[in-house]
Amino acid sequence: MSKQQWVFGLHAIQAILERQPEQVIELWCLKGRQDERVNQLIDLASQFGIPMQQAARKTLDDKAGSSQHQGVIARIKEAKPLNENDLDLIIKQTDKPLLLILDGVTDPHNLGACLRNADAAGVAAVIVPKDKSVGITPTVRKVAVGAAEVVPLVAVTNLARTMRHLQQQGVWIVGAAGEADCDLYQADLKGPLAIAMGAEGKGLRRLSRESCDTLVSIPMLGSVSSLNVSVATGICLFEALRQRR
């Protein structure tokens, strides 16, 4: 039997209904709420024969495990996690892939924001280690505002080994680190590329750092010594996008 999960957030639920309606088991809406956005989701669900129930706010809060559900939640069947084999197929689909490696990001808000950045920058896949990393949770889906249903998240057993495998396939790996070979804006980010970002506060682990082809830093002019990982990820991805255009 497949795992099930409660999903909340208007954008996240709409993305699932539009892209993977077969995953949605049922929709629950706040009793008495009538507005265009919610009605749109109800209509979409009815097109696929997905049952809908109305409930009090406390019931939705309890099922979602959060009060930030915006009056709509959905019970879904979780998709099968992607692995190394899926990554090979993704890379073969484009001659110049842009990939994002997240080394041990455990905060669901950061992963959700990184997925949103990745979608906007045209990233082909986000790669994370299976251990010491957050997966696709309801909070990740909500923060990602639909990107979690669009951008493939590939969980790998051995991140350093996967990085070496990418290099063997011609992917240049650029790691973001304080001690770097050059700053971000001096790096060549035009070819097949994976950008590796470290965990909150810790940065890239030693093996991950050593597996990079080069290390870059983001120029910092203020008194703050580091950026939130999702902010730093957005800066790096969009510099790559600027160069590749």
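In what follows, every heavy atom counts, from backbone to side chain, and hydrogens, waters and symmetry copies are set aside. Sequence positions, counted from 1, serve as the residue numbers for this chain.
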Would you sort out whether Gln70 and Ile13 count as a side chain to side chain contact (heavy atoms under 4.5 Å, CB included), showing the intermediate values? CA-CA 11 Å; Gln70 299 175 294; Ile13 292 174; over 6 Å; no
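- Contact annotation: the side chain of Arg116 never approaches that of Val143 to less than 4.5 Å [non-hydrogen atoms, C-beta and beyond].
- Between Leu189 and Val216 there is no side-chain heavy-atom pair separated by less than 4.5 Å.
- Annotation: Arg19, atom CZ; neighbour count of heavy atoms from other residues, nucleotides and ligands within 6.0 Å does not exceed 12.
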Can you list, pair by pair, the side-chain donor-acceptor contacts under 3.5 Å of residues 119-132, counting residues two or more places apart and other chains?
none

Quick one, Ile136 with Leu115, criterion side chain to side chain contact (heavy atoms under 4.5 Å, CB included). Give me CA distance, side-chain angles, the key distance, then yes/no. CA-CA 10 Å; Ile136 299 294; Leu115 286 169; 3.8 Å; yes
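- One side chain, Gln5 or Arg141, offers a donor N or O that lies under 3.5 Å from an acceptor on the other.
- Distance check, rounded to the nearest 0.5 Å: CG of Asn158 to CD of Glu84 gives 8.5 Å.
- The minimum heavy-atom distance linking Arg57 with Leu30 is given by the pair NH2-CD2, 3.2 Å.
- For the atom pair Met197 CE and Leu100 CG, the distance stands at 7.5 Å (nearest 0.5 Å).
- The two residues Ile235 and Leu184 have their closest heavy-atom pair at CG2-CD2, 3.7 Å.
- Between Lys77 and Glu22 no salt bridge is recorded (no basic side-chain N to carboxylate O distance below 4.0 Å).
- With hydrogens and angles ignored, the 3.5 Å screen pairs no side-chain donor or acceptor of Asn228 with any backbone N or O of Asn110.
- Between Gly146 and Ala15, the shortest heavy-atom contact is CA-CB, 3.7 Å.
- Atoms NZ and OG1, from Lys142 and Thr137 in turn, are 12.0 Å apart once rounded to the nearest 0.5 Å.
- Listed for the Arg75 side chain is no donor-acceptor partner under 3.5 Å among the backbone atoms of Val24.
- Of all heavy-atom pairs between Ile218 and Cys236, the closest is CD1-SG, 4.0 Å.
- Other residues, nucleotides and ligands place more than 12 heavy atoms under 6.0 Å from the CD atom of Gln47.
- Residues Val72 and Leu27 come closest through the heavy atom pair CG1-CD1, 3.9 Å.
- Side-chain contact between Leu17 and Ile50 is present, with at least one heavy-atom pair separated by less than 4.5 Å.
- Taking the charged nitrogens against the carboxylate oxygens, Asp88 and Lys92 have no contact shorter than 4.0 Å, which rules out a salt bridge.
- Of the N and O atoms on the side chains of Gln243 and Glu239, at least one donor lies less than 3.5 Å from an acceptor on the other residue.
- Side-chain contact between Met220 and Leu227: present, with at least one pair of heavy atoms (C-beta onward) separated by less than 4.5 Å.
- Atom NZ of Lys202 is surrounded by 12 or fewer heavy atoms from other residues, nucleotides or ligands within 6.0 Å.
- Legend: side-chain hydrogen bond (donor to acceptor under 3.5 Å, both in side chains) pairs involving residues 206-217, not counting sequence neighbours, sorted by first then second residue: Asp103-Ser208, Gln167-Asp213, Asp181-Thr214, Arg206-Glu210.
- Of all the heavy atoms in Val38 and Cys29, the pair that sits closest is CG1-SG, 4.1 Å.
- From Met52, atom CE reaches atom OG of Ser46 across 9.0 Å, with rounding to the nearest 0.5 Å.
- In this structure, CG in Leu99 is found 5.5 Å from CD1 in Ile91, a value given to the nearest 0.5 Å.
- A salt bridge between Asp188 and Lys190 is present, with a side-chain N of the basic residue lying under 4.0 Å from a carboxylate O of the acidic one.
- Counted by atom type alone, Glu149 and Gln20 present zero donor-acceptor pairs between their side chains at under 3.5 Å.
- Note: Leu215 CG to Asp183 CG = 13.0 Å, rounded to the nearest 0.5 Å.
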How far apart are the C-alpha atoms of Val105 and Cys114, what are their side-chain angles, what is the distance that settles it, and do they pass the side chain to side chain contact (heavy atoms under 4.5 Å, CB included) test? CA-CA 10 Å; Val105 172; Cys114 286; 5.6 Å; no
